[in-house]
Amino acid sequence: MKHFKHAELVETYHVSLRTVHNWIDSAKQGKVGLKLHKTDGRTYIADTEENAVILRQLAEKGKKFRNALYDKEIEPKPEFYSLYNKRQILDIITNLTVHREIPRQYNYFNGGAANWERFALHMWSRKQPISLKVRLSLSMPT
């Protein structure tokens, strides 16, 4: 029998993997009418039209329990558009959409590199051993 992969449900319905597992547990307990499929000792949600309708309802019902911060819309400051070019903005948007994070290389723009340098110099001047200091001292020629 054809079934949904857990990751597919996460992506399609914008829910967490834990939510998918909760749906399966609820179906096992008879709380929801999802048809399940077991293979190799694992339980999946069967890929049926009836299940698709139930899944849409469960996902919609779950939206009312989301934290307000989850669905909060934000807009960048005007400086954002002058700091990054169109390609970089598209890269940031893509990474926020896919990975929910901004690529690390953009941390060094607009004074970010100077902040990192101040932090690194502060860490270097500390008396306690730190991995950066040890790593740099091992890699430097004597």
Side-chain angles (χ1 to χ4, degrees), residues 1-140:
M1 173 179 266
K2 192 172 177 192
H3 60 271
F4 294 107
K5 294 180 180 177
H6 294 359
E8 181 183 2
L9 293 171
V10 166
E11 184 67 29
T12 302
Y13 297 103
H14 305 288
V15 296
S16 68
L17 183 59
R18 182 72 211 140
T19 298
V20 173
H21 289 199
N22 288 341
W23 291 345
I24 292 171
D25 291 341
S26 294
K28 286 179 180 178
Q29 296 168 9
K31 294 179 181 178
V32 294
L34 291 171
K35 291 178 179 60
L36 301 177
H37 173 71
K38 289 186 180 187
T39 182
D40 299 328
R42 296 193 67 193
T43 304
Y44 299 93
I45 297 174
D47 187 355
T48 66
E49 187 56 40
E50 296 85 15
N51 277 354
V53 170
I54 294 170
L55 289 169
R56 280 193 295 275
Q57 291 170 348
L58 288 170
E60 192 60 39
K61 179 182 173 188
K63 286 183 183 179
K64 67 181 176 184
F65 299 110
R66 289 190 180 153
N67 184 326
L69 293 176
Y70 180 81
D71 287 328
K72 185 177 181 180
E73 288 187 26
I74 59 170
E75 191 170 314
K77 294 180 179 180
E79 303 91 68
F80 175 83
Y81 297 102
S82 62
L83 184 60
Y84 302 108
N85 64 37
K86 288 181 181 181
R87 186 189 58 77
Q88 292 165 332
I89 291 171
L90 181 60
D91 186 39
I92 290 169
I93 291 169
T94 302
N95 277 278
L96 282 171
T97 303
V98 175
H99 304 292
R100 293 182 169 80
E101 65 183 19
I102 296 175
R104 181 150 319 271
Q105 69 263 25
Y106 297 117
N107 292 344
Y108 300 104
F109 282 66
N110 197 28
N115 290 338
W116 170 252
E117 186 174 354
R118 276 194 302 280
F119 171 76
L121 289 173
H122 168 73
M123 296 304 282
W124 185 260
S125 67
R126 293 180 63 182
K127 300 295 182 212
Q128 298 126 333
I130 56 168
S131 62
L132 174 65
K133 193 172 184 178
V134 172
R135 189 175 297 147
L136 288 175
S137 65
L138 290 174
S139 65
M140 292 186 167

Donor-acceptor contacts, no H, no angles, side chain residues 23-37, under 3.5 Å, sequence neighbours left out:
residue : atom : partner : partner atom : Å
S26     : OG   : N22     : O            : 3.0
Q29     : OE1  : K31     : NZ           : 3.1

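Listed by first then second residue, pairs satisfying salt bridge (charged side-chain N to carboxylate O under 4.0 Å, His left out) with a partner in residues 43-55 read K2-D47, E49-R56, not counting sequence neighbours. Sorted by first and then second residue, the side chain to side chain donor-acceptor pair (under 3.5 Å) pairs with a member in residues 83-92 read D91-N95, D91-Y106; sequence neighbours excluded.
No more than 12 heavy atoms of other residues, nucleotides or ligands lie within 6.0 Å of CD in E117, so this atom counts as exposed by the packing criterion.
In this structure, CG on L55 lies 5.0 Å from CD1 on I45, to the nearest 0.5 angstrom. In this structure, I93 CD1 and I102 CD1 are separated by 10.5 Å, a value rounded to the nearest 0.5 Å.
L9 is not listed as a side-chain neighbour of V15, based on a closest heavy-atom distance of 4.5 Å or more.
Annotation: side chain to side chain contact (heavy atoms under 4.5 Å, CB included) contacts of E79 (sequence neighbours excluded): K77, S82. S16 pairs by the side-chain hydrogen bond (donor to acceptor under 3.5 Å, both in side chains) definition with T19, not counting sequence neighbours. With sequence neighbours left out, Y44 forms a ring pair (Phe, Tyr, Trp, His ring centres under 6.0 Å) with H3, H6. Legend: residues meeting ring pair (Phe, Tyr, Trp, His ring centres under 6.0 Å) with Y81, ordered by chain and number and at least two apart, are absent. By the side chain to side chain contact (heavy atoms under 4.5 Å, CB included) test, D40 pairs with no residue at all, sequence neighbours left out.
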